[in-house]
Amino acid sequence: MDRTPIWLRQGQMMLIVGQTQSGKSIVATTFARGFDTGSVVAYDPKSDPDAVLPNCFVTRDAAEVVRHLPGRVIWQPRRQDQAKLRASWDRICGRLLDVAERGYSGTIVVHELYDLADAHSVGPAFRQVVTQGAKIAGGPDKGGGSVGAILVTQRPVNFPVAFRTEMSHIVCLPLAGKSDREYMAELMEDREDPEGSVTRVSRFALPHDYSWWYRSPEHRLTLHDPVALPH
């Protein structure tokens, strides 16, 4: 397997897909730990120990998340707040955009994307984070900042259409369903071997050992194991 380190830079977007217990949260949190400066907001609906980030304020209240920005926050919403999750998340994203305009860059880590958006429904601020977050107010050179994203989901068919072309980095962990693998194969097409890469991702059901496919910003496909993650 490939053991080349992979670096997720400020303002870039990463999609992580895999079935339950495939290691998605571990992969997402490992990359998120690379951002030791700037704001971080992690949406963690299951209070997952694999989603813990250092030096983060943990809250169940969306208003507390907004008040702590710029800052580092883990949001673990209450069950009774499920009906307004998407509206609350959009307010959080709006606040991140506001502080990025003043030069405070940030990163969102969403451990279950379908809770907050689906294929055809995305809040306006969340959409702006993903489609325009790389360079808010002109970016650091002009006094602005950026907002990047690490988005985690079990089912790629629910992935927002508006986000498809924005993902610089794509990670695919084990997926049992062939239709899910076929969807991911299209997203992860290797520019130098498009037919071969699509065949490999769609036909090869990864073993349940935390190995993973990775498509780089240069549209190159490689197979990795956990030791290739940055520490």
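Values below: every heavy atom of this structure, side chains too, minus hydrogens, waters and symmetry copies. For reference, positions follow the sequence shown, starting with 1. If you're wondering where the values come from, they're calculated on a predicted model, not measured in any experiment.
At most 12 heavy atoms of other shown residues, nucleotides or ligands fall within 6.0 angstrom of atom CZ in R9. Other residues, nucleotides and ligands contribute over 12 non-hydrogen atoms within 6.0 Å of the CD atom of E192.
Counting heavy atoms from C-beta outward, E112 and T153 have side chains that approach closer than 4.5 Å. Side-chain contact between L97 and V129 is present, with heavy atoms from C-beta onward closer than 4.5 Å. By the 4.5 Å heavy-atom criterion applied to side chains, L116 and Y43 are counted as neighbours. Under the 4.5 Å side-chain criterion, counting only non-hydrogen atoms from C-beta, R215 is not in contact with H169.
For D50 and T29, the side-chain atoms include no donor-acceptor pair closer than 3.5 Å. Judged by distance alone, the side chains of R200 and S197 never bring a donor and an acceptor atom under 3.5 Å apart. Between the side chains of Q154 and T20, a donor-acceptor pair is found at a separation under 3.5 Å.
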R181 vs V198, side chain to side chain contact (heavy atoms under 4.5 Å, CB included): CA-CA, chis, key distance, verdict: CA-CA 9 Å; R181 296 198 303 273; V198 167; over 6 Å; no

Residues V157, D180; criterion side chain to side chain contact (heavy atoms under 4.5 Å, CB included); working and verdict: CA-CA 7 Å; V157 293; D180 287 338; 4.1 Å; yes

Trace of the side chain to side chain contact (heavy atoms under 4.5 Å, CB included) decision for F159 with L15: CA-CA 9 Å; F159 189 62; L15 171 64; 3.5 Å; yes

Side chain to side chain contact (heavy atoms under 4.5 Å, CB included) between V201 and E189, worked out: CA-CA 9 Å; V201 174; E189 183 180 283; over 6 Å; no

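Checked for salt-bridge contact, R191 and E218 miss the test: no charged N lies under 4.0 Å from a carboxylate O.
In this structure, SG on C172 lies 9.5 Å from CG on L221, to the nearest 0.5 angstrom. To the nearest 0.5 Å, the span separating OG1 on T107 from CD on Q10 amounts to 4.5 Å.
Smallest separation of non-hydrogen atoms from T131 and A162: CG2-O, 3.9 Å. Closest of all the heavy-atom pairs between D48 and S25 is OD2-OG, 3.2 Å. Here the closest heavy-atom approach between residue S146 and residue A134 is recorded as CB-O, 3.2 Å.
For residues 82-118, the pairs satisfying ring pair (Phe, Tyr, Trp, His ring centres under 6.0 Å) are W89-F126, with sequence neighbours left out. Among residue pairs with one or both ends in residues 60-80, those qualifying as salt bridge (Lys or Arg N to Asp or Glu O under 4.0 Å) are E64-R67, R78-D81; sequence neighbours excluded.
Here the side chain of K24 pairs a donor or acceptor atom with the backbone of G18 at under 3.5 angstrom.
Relative ring orientation between F31 and W212 is described as perpendicular, the plane-to-plane angle rising above 60° on a 0-90° scale split at 30° and 60°.
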